[in-house]
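Written out below as structure tokens is the structure these notes cover.
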Protein chains: 2
Amino acid sequence: MFSQSEENYLKAIYHLSLISNKGISTNSIAERLETKASSVTDMIKKLSEKEVVVYKKYKGVKLTDLGTKIAANIVRKHRLWEVFLVDKLNFSWDEVHDVAEQLEHIKSEKLVDQIDAFLGFPTHDPHGDPIPNKEGDLKIVEKSLLSTLSKNEKGICIGVDDSSSEFLQFLDKKGITLGKQITVLEKEEFDDSLSIIINDKKMSISNKIANNLYIKKS
Amino acid sequence: MFSQSEENYLKAIYHLSLISNKGISTNSIAERLETKASSVTDMIKKLSEKEVVVYKKYKGVKLTDLGTKIAANIVRKHRLWEVFLVDKLNFSWDEVHDVAEQLEHIKSEKLVDQIDAFLGFPTHDPHGDPIPNKEGDLKIVEKSLLSTLSKNEKGICIGVDDSSSEFLQFLDKKGITLGKQITVLEKEEFDDSLSIIINDKKMSISNKIANNLYIKKS
DNA sequence: AAATATTTTTAGGTTAGACTAAAAATATTA
DNA sequence: TAATATTTTTAGTCTAACCTAAAAATATTT
């Protein structure tokens, strides 16, 4: 059995592994968890004892197969709870993260299975992130940052990179939600801002925004 | 903010207070929480600092108004989650306790309010226990242990004292569920067992069972 | 390659929440 | 009421999870 703290470390390493697939550095884990590198070293040793990570001093950590499965299951629970909050309890997509952060640590396999069924076996959470299945697998969808699209390319908005409530509320205000079609009209060389069409309306999008919106090209 | 551990102590004192309304003894708290009296003394001092209990050495503790409100809110959450598990997720009444024990510590007022609404503002949990309202009040229903009924008295089964899964599964097996009418046909002096009618069937009930079933006389 | 900078680990300390064993207070019984 | 029993508190440890500061390893510059 793993403590909440151990679970949070596993989850952090899991997320970092999706980007780099090299040994995950102590510092990157510390940064993600808003803690100190020395604390990370302590915890990594413990996780290594429990055989959920492989650890070589100064070389970073990798999740074992067991560790990956456990981490994916926590992510699964997090995302299922997010769907529950939005679909059943009228939460908006910018309100769910902190609560899901707590709910993901509830230990009951039956609970997860039943929530999954209750929600109709959703495949994605409210931010467009895929929900791992019981085995911990998730299907990767081809996605591109809006900022990488060229003039006249179009696609469907399928996710966000930054899921802070500030960003999500901003998107709400602009009418940008998952599933909407976006067409790039123009790219400004000067500030990398974009002119796009969404909801049949033309609007200007800063590079910062375009760098945090995932598009499925079409 | 209170830790899970602090919340568990408050809840234990709350439950014990419903029976005795005197100062709650260190030992009774220790027994309920399956911990040692010395640990209880430590925690009581901390809770006393936080002004949720009043503590006099060797004289036991009492909840303050604030403490009572906080404790009632935890009980409220516990019971709402139990209803959720049974009504929405197909848990049976003997499976809900351990999960609710975890869920009751989730911190989100919106979550509780929404669950409450989602369930249609239930007044009782699956074991017949009343759900405190947001202010922490609960309406007490006149109830009697089945063992206190006399020959020929009848009533509706409205709750259980022991909610262990063993007992609840036993009741299921016997067809005894909340809302059923029970009529006492006979009381055996010898072993205090009862002969009753439930579901139009006659059956014999040991004193141990009758001592754990609440009836609303009718 | 040597010097410097950065990252990581170690060593030692803190706090919450538990524990054991012994001392102190209270309660019970003779 | 004195003796005994029980309950409660105190004193001192332990572990998980964090911390700071310094040492050691690795990476980057010059």
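A note on names: the letters A, B, ... follow the listed sequences, proteins ahead of strands, and every chain is numbered from 1.
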### Query
What's the CD1-P distance between A:I44 and D:dC18, to the nearest Å?
12 Å
### Task
To the nearest 0.5 angstrom, please state how far the CD atom of A:E82 sits from the CG atom of A:D129.
8.0 Å
#### Entry: For DNA chain C, stems built from three or more consecutive Watson-Crick or G-U wobble pairs below 3.5 Å
C:1-30 with D:1-30
#### Entry: Between A:W93 and A:D125, a side-chain donor and acceptor under 3.5 Å
no
### Task
Run the salt-bridge test on B:E186 and B:K151 with the 4.0 Å N-O cut-off and return the result as yes or no.
yes
### Query
Who passes salt bridge (Lys or Arg N to Asp or Glu O under 4.0 Å) against A:E6, sequence neighbours left out?
A:K46, A:K50
## Note on the structure
From CD of A:E49 across to C1' of D:dA16 the rounded distance in Å is 14 Å
### Message
Just verifying a value: how many Å separate B:D113 CG and A:N90 CG, rounded to the nearest 0.5 Å?
### Response
12.0 Å
#### Entry: Rounded interatomic separation in angstrom, taking CD from A:Q4 and P from C:dA16
18 Å
Identify all pairs in which a protein N or O lies below 3.5 Å from an N or O of nucleotides 2-6 of chain D, and state each distance.
none

### Query
Got a sec? Which of residues 5-12 of chain A come in under 4.0 Å of DNA chain D, heavy atoms?
A:S5, A:Y9
### Task
Pick base, sugar-phosphate or nothing for A:T41, based on heavy-atom distances below 4.0 Å to the nucleic acid.
base
### Summary
Minimal heavy-atom distance between A:P132 and A:P130, with the atoms involved, is CD-O, 3.5 Å
### Message
Check B:E142 with B:K216, please: is the shortest side-chain N to carboxylate O separation under 4.0 Å?
### Response
no
### Summary
Quick note, side-chain hydrogen bond (donor to acceptor under 3.5 Å, both in side chains) partners involving residues 95-112 of chain A, not counting sequence neighbours, are A:E7-A:H105, A:E7-A:K107, A:N8-A:H105, A:K11-A:E101, A:K11-A:E104, A:H78-A:E101, A:H78-A:E104, A:S92-A:E95, A:E95-B:K110, A:H97-A:E101, A:E109-A:K134, A:K110-B:E95
### Query
If each of A:K59 and A:E34 is mapped to the nucleotide of DNA chain D with the nearest heavy atom, which maps nearer the 5' terminus, i.e. the 5' end?
A:E34
### Task
Could you check how far CG of B:L33 sits from P of C:dC19, rounded to whole Å?
10 Å
### Message
For a quick test of reading the model: is some side-chain N or O of A:Y55 closer than 4.0 Å to OP1 or OP2 of C:dT9?
### Response
yes
#### Entry: Test log, rule side-chain hydrogen bond (donor to acceptor under 3.5 Å, both in side chains), inputs A:T41 and A:S38
CA-CA 5 Å; A:T41 305; A:S38 53; over 6 Å; no
### Message
Could you check whether A:S193 and A:N207, counting side-chain N and O atoms only, form a donor-acceptor pair closer than 3.5 Å?
### Response
no
### Query
When the distance from CG of A:D42 to P of C:dA11 is rounded to whole Å, what number comes out?
12 Å
### Message
As an exercise, state the distance from OG1 of B:T148 to NZ of B:K187, rounded to the nearest 0.5 Å.
### Response
7.0 Å
### Query
For A:K62, does the NZ atom sit with more than 12 other heavy atoms under 6.0 Å from it, leaving out its own atoms?
no
### Message
If the cut-off is 4.0 Å, is A:K45 near the phosphate of C:dT9, judged by side-chain N/O to OP1 or OP2?
### Response
no
### Query
In Å, rounded to the nearest 0.5 Å, how long is the span from CG of B:L146 to CD1 of B:I176?
8.0 Å
### Task
Give a yes or no on this: more than 12 heavy atoms of other residues, nucleotides or ligands lie within 6.0 Å of atom NZ of B:K69.
no
### Task
Go along nucleotides 20-25 of chain C 5' to 3' and tag each nucleotide: B for a protein heavy atom under 4.0 Å from its base, S when only backbone or sugar atoms are that close, - otherwise.
BB--BS
### Message
Output the rounded distance in Å from CE (B:M43) to C1' (C:dC19).
### Response
14 Å
